Structure formats: C-alpha cells, structure tokens
Amino acid sequence: MPVEYLKETPSQTAGPYVHIGTLPSHAGLPVRQNETLNVVEAPGEKIVVEGIVLDGSGAPVKDAMLELYQANAKGEVGDATIWARAGAVFETGEWRFDTIRPGALEWRGGKMQAPHLTLLIFARGINIHLHTRMYFPEDEAAQASDPALNRIEQIHRRRTLVAEKVKDGHYRFVIRLQGDQETVFFDM
Amino acid sequence: MTATPSSASAALPDFMRRDRAWHPPAFAPGYKTTVLRSPKCALLSLDQGPGEKTGPVFQASMLHELDNDLVSNYAAATGSKGLAIGERIIVHGRVTDECGRPVPRTLLEVWQANAGGRYRHKKDTYLAPLDPNFGGCGRTMTDENGRYFFRTVKPGAYPWPNHGSDWRPAHIHFSVFGEAFAQRLISQLYFEGDPLIPLCPIVNTIKDAAAIERLVAKLDMGEQRPFDALVYRFDIVLRGRQQTFFENKREGM
Ligand SMILES: [Fe+3]
C-alpha cells in the first residue's frame, strides 16, 4: 500500500461575482475604494501591460479576474510588494496592470529564464484557474534558451506567450482560451 | 519588504504535482459556460522554478478588525449601526498542506450572496432584495497553526441560467494563497445536508464523490455559540511540498 497523503481541496469556478471578495470596488461595493491592486509600486522601469481574454468564439471574457506575480527588477522573487490583481472591464473585457519590467529570474540548476510575468486567470466557466506567462518581444535572445518556451514542442505556439509592443514601455497581451492561436497554459 | 534571492528560492523543495483528475476538468459541458472557456490543448507540464515555489506575502496589518465579520463589516463601512439579516453562522477550520503541515499566516478571502440568495454586485439582477447591512465580502488570515474563522450569515440558494433555471446550493466562495503561487486555489464551500448539492451542475463538474465531499462544511454543534450562532467546520488542504530531506539533493543527481 503506497504512502497516503491528504488530497488537495478541489477547485471550483470563481464565478461571475469573484470581484466582491477580490476587488470589491470593481463589484460596485462602497468599501476598500482606495485599493488599486493592479498597480505594482517597486523600483525599476515602469511598464504598462494591457490585454484581453478571448473565448473560443473570439468574444471577450468580460468577467475575468487576473493575478500577476513576477520577479523584481533585479530578478528576485518573494518580494511581497510584487503581486497584483486586475478585473476585466465589464463592458469591454479589457484589463490593465501598471508594473515594472522584471529582471531575468533564475531557473533550476543555475540556468536562467527570460524575463516574464506569471499570470493566473479566473472567471465564470473556468473550473480551475489557468496559469500562463507573458514574455517581452525585445528579449528574443534570452527566449532562445528559456526553459519554459523550449518545452513547447509546437514551435509556432511559443509566440502565444510573447506580448505585442504598443509603444515604449507599453505592451498588449491577448490570451486566447481556444482556437488555432490558443495560448499555452502550464501545469507546474 | 525583503525579497528572497532567487538562488535561495531555486533550492526550495518542489510541490507535489496537482492531481488534475481530482479537480474538475476545464471542459465540463453540463456547466455550459465551460464549453467556450476551456483550453483544447493539453496543459504544458513543467518543473517548478523560483517563481512557482514562492508567492506574495501578505501582512496581517492590511486587515481591518471587522474584515472577518460579514455580519457587521458592511454596515460599519457604510456608517450603519445595523447587522445583516439571516441565520448567524461561524465558519472555522484549518488550512494544511497535503502532508498535514499547517499553512500559517495565509490570506483567506470569502464572498457570498446574502440570506436571500442575492449578491451585492453590479451584475446581479436576481429579484431577491439586497440587505442594506450586508456586503458579502470578507477576509482573514490563518494563525501560526493554520487556524482561521469568520462570522457571517448563511447564504441563500439562487437560480442561474444554465439548463433553464438551475439552482445553486447555498455556498461561500473562497480564495486562498498558501506560501507559493503553485498552491493558489479558489473554490466554494457548501453546507452539510443541502439537497441542492447533488443537483448542481457546477458541483458536478467534479467527478469524484469523495472530492465533492471535501467541499461540504460540517455542522459543529460542539462549537455552537449558545443563543447566538451555529458553527460549521471546514478544513482546507493545499498542495504539499516534497520532504525536506530531498532539499540538498543536487540537480541531475
Ligand atoms: Fe456564487
């Protein structure tokens, strides 16, 4: 008989009203009005990351809630100030983070990863949150040896993790839940 | 705040893999919204790096003293002296990992409908009335032993469009961070004895009856507050780290 462990509590969808508990002012609650959870205040080059989550029909997921975790400018993690949360705008599905450009983060065995943002996606109809990464279009050289990108066997799918540059310091990242450009999601 | 040098976090033990067959699958057509929101490609399995083995750290100082009291926190925030209407309950339990270790000082956020089944949310138009003294938003942090509690009113069941009018059993949504982004979890808590649980298409996205049972809070009469509140017990388990005696094992050995 193998060793038994407790089983993880199973996931359920965050539902359409996830904002009440996670972004109360977004839900329209007159509490915590001063919280701006989609802004990271940390030393480094300020950047804007905006985007949208699209469903299998190409329609925006207007009730999505996203969380961001990333390295600081020096390529370190575990900094309590570097975490953020954004709600899609109910009318359009657009979301936005104001953060800083991450440094290159170490991988296992002394290898390095290309700079990236980790994003989790929660929404109605998503039974367990989706985990993806956003890389920067100007880091092609570092991406050539990135351990996560290199694990993607279908080379054309690697592009789904690279943001589009709108202008200096401003990026757009479209997350597609299905379709021929389906974003790569991780099980880590 | 001090950051952990990534050389130190790279050496943190790995988390055991998530049992994806125990969690609900992304595509579960009985819950229609999953049909267009479920990825069709397989998830990409990858080892964990420092960005997965660490996570945001929240300080208890961010919490207001009424954050874990949904019976009074909304009224207090809006300048009312009232209390929420409904069956007064306390929910308590422990957050541990799969190895049974307590998960201390982790943020637990909760949200729910009022006693009539109505959410205080821009998008909820259910005909049940709003309660002027109930917001449905709370949060707390586990103590050093992983224990938590919050006070609220029991939420009402509510209808939602799926197969015509389906009904959600009474439930409280919850979100927990753990000590690393790999442990992040959002789920829902149900109440023992609710006949709507087996009828719910969202509950039934979970295939294993034993897994569903893990989302059902148990009536805890031993902890009842006489002449005040009923108490429910609900324990939460997050992914476990592999044993520490592997910590010094070098890559590739
Ligand atoms: Fe709900």
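All of these numbers come straight from a predicted model, not from anything done at the bench. Chain naming here is simple, since letters A, B, ... match the order of the sequence lines and numbering starts at 1 in each.
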Problem set entry | Partner of A/T132 under side-chain contact (heavy atoms from CB on, under 4.5 Å), chosen from A/I121, A/L117, A/L66, A/T118 | A/I121

For this session: Measure A/H26 against the heavy atoms of chain B and call it side chain, backbone, both or neither at under 4.5 Å.
Result: backbone

Exercise. Measuring heavy-atom distances to chain A, does B/E109 have an atom under 4.5 Å in its side chain, in its backbone, in both, or in neither?
Worked result: side chain

Exercise. Can you say whether A/E35 sits under 4.5 Å from chain B via the side chain, the backbone, both, or neither, judging by heavy atoms?
Worked result: side chain

Problem set entry | Region of B/D208 that comes under 4.5 Å of a non-hydrogen atom in chain A | neither

Exercise. Could you walk me through whether B/H121 and A/F90 pass the ring pair (Phe, Tyr, Trp, His ring centres under 6.0 Å) check?
Worked result: CA-CA 12 Å; B/H121 188 287; A/F90 297 134; 5.4 Å; yes

Exercise. Checking B/R20 against chain A: side chain, backbone, both or neither under 4.5 Å from a heavy atom?
Worked result: side chain

For this session: Work out which heavy atom in A/Y171 is nearest to a heavy atom in A/V166; give both atom names and the distance.
Result: C-CG2, 4.0 Å

Exercise. What residue, out of B/D97, B/L215, B/N73, B/V203, has the most heavy-atom pairs lying under 4.5 Å from chain A?
Worked result: B/L215

Exercise. Do you know which of B/H173, B/R239, B/K32 has the most heavy-atom pairs with chain A at a distance under 4.5 angstrom?
Worked result: B/R239

Exercise. In this structure, are over 12 heavy atoms from other groups packed under 6.0 Å from A/E4 atom CD?
Worked result: no

Problem set entry | Minimum-distance pair of heavy atoms, taken over all atoms of A/M112 and A/P147 | O-CD, 3.6 Å

For this session: Could you give me the CA-CA distance, side-chain angles and deciding distance for A/L29 and B/C137, then say whether side-chain contact (heavy atoms from CB on, under 4.5 Å) is met?
Result: CA-CA 9 Å; A/L29 267 68; B/C137 166; 3.9 Å; yes

Problem set entry | Options A/K74, A/H116, A/H129, ranked by heavy-atom pairs under 4.5 Å with chain B, top entry | A/H129

Exercise. Which one, B/G136, B/A182, B/G100, B/G51, leads in non-hydrogen pairs under 4.5 Å with chain A?
Worked result: B/G51

Exercise. Under 3.5 Å, is there a donor-acceptor pair between the A/Q113 and A/R133 side chains?
Worked result: yes

Exercise. Distance-only, no hydrogens or angles: does the A/D55 side chain make a donor-acceptor pair with backbone N or O of A/A59 under 3.5 Å?
Worked result: yes

Exercise. Is there a donor-acceptor pair closer than 3.5 Å between any side-chain N or O of B/T34 and the backbone N or O of B/Y31?
Worked result: yes

For this session: Report the option among B/S45, B/A77, B/A42, B/A26 that has the most heavy-atom pairs separated by less than 4.5 Å from atoms of chain A.
Result: B/S45

Exercise. Does the A/E182 side chain pair with the main chain of A/R176, one donor and one acceptor, at a distance under 3.5 Å?
Worked result: no

Problem set entry | Residue A/V61 versus chain B: region with a heavy atom under 4.5 Å | both

Exercise. Picking from B/L43, B/T33, B/L36, which has the most non-hydrogen pairs under 4.5 angstrom with chain A?
Worked result: B/L36

For this session: Give, as side chain, backbone, both or neither, the part of A/V3 having an atom under 4.5 angstrom from any heavy atom of chain B.
Result: neither

Exercise. Between A/Y17 and chain B, which part of the residue has a heavy atom less than 4.5 Å away: side chain, backbone, both or neither?
Worked result: both

For this session: Measure distances from A/R157 to the heavy atoms of chain B and classify the residue's part below 4.5 Å as side chain, backbone, both or neither.
Result: side chain

For this session: Measure B/S38 against the heavy atoms of chain A and call it side chain, backbone, both or neither at under 4.5 Å.
Result: both

For this session: Select, from A/V18, A/V184, A/N127, the one with the greatest count of heavy-atom pairs under 4.5 Å involving chain B.
Result: A/N127

Exercise. Which class fits the ring pair B/Y190 and B/H171: parallel under 30°, tilted 30 to 60°, perpendicular over 60°?
Worked result: tilted

Exercise. Can any side-chain N or O of A/Q178 pair as donor or acceptor with the backbone N or O of B/V35 at less than 3.5 Å?
Worked result: yes

For this session: Heavy-atom pairs under 4.5 Å with chain B are the metric here; pick the option from A/T22, A/D63, A/T183, A/V53 that has the most.
Result: A/D63

For this session: Look up atom CG in A/L6 and atom CZ in B/R101, then write down how far apart they are to the nearest 0.5 Å.
Result: 11.0 Å

Problem set entry | Proximity breakdown for B/Y74 and chain A, heavy-atom pairs closer than 4.5 Å | side chain

Exercise. Relative to chain B, which segment of A/P24 carries a heavy atom at a distance below 4.5 Å: side chain, backbone, both, or neither?
Worked result: side chain

For this session: Rounded to the nearest 0.5 Å, what's the gap from CG on B/N162 to CZ on B/R168? Could you check?
Result: 10.0 Å

Seminar exercise, completed: Pair count under 4.5 Å, heavy atoms only, with chain B: among A/V31, A/L120, A/L54, A/I82, highest is A/L120

For this session: Name the region of A/Q70, side chain, backbone, both or neither, that has any atom closer than 4.5 Å to a heavy atom of chain B.
Result: neither

For this session: Find the one option among B/D124, B/I206, B/L238, B/I236 whose heavy-atom pairs under 4.5 Å with chain A are most numerous.
Result: B/D124

For this session: Would you check, one step at a time, whether the test side-chain contact (heavy atoms from CB on, under 4.5 Å) holds for B/F174 with A/T9?
Result: CA-CA 11 Å; B/F174 64 93; A/T9 297; 4.1 Å; yes

Problem set entry | Min side-chain heavy-atom separation B/R118-B/Y158 under 4.5 Å | no

Exercise. At a heavy-atom separation under 4.5 Å, does A/A71 approach chain B through its side chain, its backbone, both, or neither?
Worked result: neither

For this session: Could you check which of A/Y69, A/Y5, A/F185 has the highest count of heavy-atom pairs closer than 4.5 Å to chain B?
Result: A/Y69

Exercise. When heavy-atom pairs shorter than 4.5 Å are enumerated against chain B, which of A/H19, A/R32, A/R151 gives the highest number?
Worked result: A/R32

For this session: Heavy-atom distances under 4.5 Å only: say whether A/L130 touches chain B with side chain, backbone, both or neither.
Result: side chain

